[in-house]
Amino acid sequence: MKTIYLDHAATTSLDSRVLAAMLPYLKEEYGNADSRYSLGRKAAIAMRSARDKCMEILGGKGGNLYFTSCGSESNSWALKGVCAANLGKKDTIILSAIEHPSLLRAAEDMSVFGFKTVLVKPDSSGIVRAQSVKEALSGVSAAFVGVMRANNETGVIQPTEEIYSLCREAGVFYFCDCVQAAGSLPLSCSIADGISISAHKFYGPKGVGALWLKKSVHTERLISGGQQESGLRGGTSNVAGVVGMSAALSLARENLEKESAQIRAMRDEFVKRVLSSVPGSYLVGDSERRLPSNANIAFPGCRGEQIMINLDMLGVAVSTGSACSSGASKPSSVLLAMGLDESAAASCVRFTFGRDNTPEDVIYAAEAVKKAVAAVKN
Ligand code: PLP
């Protein structure tokens, strides 16, 4: 049975053009980018041109781009590095309640150094209002504000421009997690003082991401060792990964408009079919301000996890936002923060469309959802 993959927010397949760009650096050109002979120099040249390409696509001129191993690393490093540089001067971290755990947990880790975390809730449509960030900023000495570009569960796009302007006025570092947005929305480093991306979310390889920081931002070293990444993150460079990420970013930029329109049309058709065939189902989160790929749908009276399992048996891969701890699953904290009650949050299923889906997939998947929900209800 063919799998219809509707979980592109979790990860994407590696584009064959990206693999082709990477292969030479896994085979013939396997040199260490820090070696002085020609094999090493070729690897160093590939690193430099990949960095230049990423900087050009992201409009990163006023800052530095550090290659990392993933979005989680970029996020944790940004938060811990910037807070460490402010130790003894500022003591508050402001995050939206819907940030990725790599920021939320990193903030918890900083409590041993005296940092307090203020969580800003989104409204019921999943939008973190600039006014709420403004209130959180008042009367505290903030070192770090983090509000993502687009949420991983609902796809809701945040008002980052307004938030950045507030932070600039308050003289506070603003970080924007762009892991879900990269590849789906036009992106520029100018939207924040720091941003993160991760290649596997836009048809690049797993194991490579990037952190961009404005030149004026001071951060602490992440990995002690060699002089890689300006001496801030030691360790032999992942040449093939970095080449793959820059190739994936180039393809995403080239095809963004056309691809987004196609994905949006498939997503909209799917939502229309599901909502009209499953009584009581509804779309969660703002219907306009969201990534073209995302449909998060509540199925009252059902558990999303059971729907997911039934869909898997029908050959459709989707996800729920529930987190597993000690074998029991808890409803998504993002959906709870938006004000859904536990049973509504536990009934949600996230469908995320991508480059490799077809209109036929939409018809099959919508029919499969109808069957999967009926099976759960029975
Ligand atoms: N930030 C967001 C919004 C994400 O959705 C994810 C992954 O799902 C991450 C960060 C972490 O990225 P990675 O899987 O590359 O560690």
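Start at 1 and go down the list; that is how both ligands and their atoms are numbered. Small disclaimer: the values here were computed from a predicted structure and weren't measured. Along the sequence shown, residues carry numbers from 1.
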K.L.:
Can a donor-acceptor pair be found, under 3.5 Å and without considering hydrogens, that links the side chain of Arg264 to the backbone of Ser260?
P.N.:
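No, because the side chain of Arg264 does not come within donor-acceptor range (under 3.5 Å) of the backbone of Ser260.
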K.L.:
May I ask you to check whether Glu99 and Ser96 show a side-chain donor-acceptor distance below 3.5 Å?
P.N.:
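There is such a pair (donor and acceptor under 3.5 Å, judged by atom type) between the side chains of Glu99 and Ser96.
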K.L.:
If you have a sec, work out which protein heavy atom is nearest atom 13 (P) of ligand 1 and how many Å separate them, to one decimal?
P.N.:
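Going atom by atom, the protein heavy atom closest to atom 13 (P) of ligand 1 ends up being Gly71 N, 3.5 Å.
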K.L.:
Please list the nearest protein heavy atom to atom 4 (C) of ligand 1 with its residue and the distance rounded to 0.1 Å.
P.N.:
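I find the closest protein heavy atom is His100 CD2, 3.4 Å.
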K.L.:
Closer than 4.0 angstrom: is that true for some heavy atom of Glu73 and an atom of ligand 1?
P.N.:
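False for this residue.
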K.L.:
Can you tell me which residue and heavy atom of the protein come closest to atom 16 (O) of ligand 1, and the distance to 0.1 Å?
P.N.:
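Scanning the protein heavy atoms, the shortest distance from atom 16 (O) of ligand 1 goes to Ser72 OG, 2.7 Å.
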K.L.:
Geometry only, no angles: is Cys70 polar-contacting ligand 1 at N/O separations under 3.5 Å?
P.N.:
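Looking only at distances, the answer is no, because the N/O contact criterion of under 3.5 Å is not met.
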K.L.:
State the CZ-CD distance between Phe353 and Gln262, to the nearest 0.5 angstrom.
P.N.:
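The distance works out to 14.0 Å.
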K.L.:
Select one of side chain, backbone, both or neither to describe which atoms of Lys201 lie under 4.0 Å from any atom of ligand 1, heavy atoms only.
P.N.:
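The part of Lys201 near ligand 1 is the side chain, not the backbone.
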K.L.:
Under a 4.0 angstrom heavy-atom cut-off, which atoms of ligand 1 come close to Asn75?
P.N.:
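Heavy-atom distances to Asn75 below 4.0 Å select 1 (N), 10 (C).
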K.L.:
Please write down residue, atom name and distance for the protein heavy atom closest to atom 5 (O) of ligand 1.
P.N.:
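Of the protein heavy atoms, Gln180 NE2, 2.8 Å lies nearest.
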K.L.:
Please report which non-hydrogen protein atom sits nearest to atom 15 (O) of ligand 1, along with the residue it belongs to and the distance in Å to one decimal place.
P.N.:
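Atom 15 (O) of ligand 1 sits closest to the protein heavy atom Ser198 OG, 2.6 Å.
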K.L.:
Before signing off on this row, confirm whether Asp177 and ligand 1 have an N or O atom pair separated by under 3.5 Å.
P.N.:
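So ligand 1 has an N or O lying under 3.5 Å from an N or O of Asp177.
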K.L.:
Which word best sums up how the rings of Phe175 and Phe144 line up, parallel for under 30°, tilted for 30 to 60°, or perpendicular for over 60°?
P.N.:
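Phe175 and Phe144: tilted rings.
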K.L.:
Mark up the atoms of ligand 1 that fall under 4.0 Å of a heavy atom belonging to His200, in ascending order.
P.N.:
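Heavy-atom distances to His200 below 4.0 Å select 13 (P), 14 (O), 15 (O).
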K.L.:
Is the contact between Asn151 and ligand 1 made by the side chain, the backbone, both, or neither, using heavy atoms and a 4.0 Å cut-off?
P.N.:
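None of Asn151 does.
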K.L.:
Is there any side chain to side chain donor-acceptor pair (under 3.5 Å) pair reaching into residues 223-232, and which pairs are they, with sequence neighbours excluded?
P.N.:
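Found Asp34-Gln228, Arg51-Glu229.
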K.L.:
Which pairs count as ring-ring contact (aromatic ring centres under 6.0 Å, His included) when at least one residue sits in residues 37-66, sequence neighbours excluded?
P.N.:
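As it turns out, the ring-ring contact (aromatic ring centres under 6.0 Å, His included) pairs with a partner in residues 37-66, which skip direct neighbours, are Tyr66-Trp77.
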K.L.:
Counting only N and O atoms by type, is there a donor-acceptor contact under 3.5 Å from the side chain of Gln158 to the main-chain atoms of Val128?
P.N.:
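Pair found, side chain donor or acceptor close to backbone of Val128.
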K.L.:
Within the 4.0 Å heavy-atom shell around Met148, which atoms of ligand 1 are there?
P.N.:
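Within the 4.0 Å cut-off of Met148, ligand 1 contributes 3 (C).
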K.L.:
Salt-bridged, Arg17 to Glu254, with N to O below 4.0 Å?
P.N.:
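Glu254 and Arg17: not salt-bridged.
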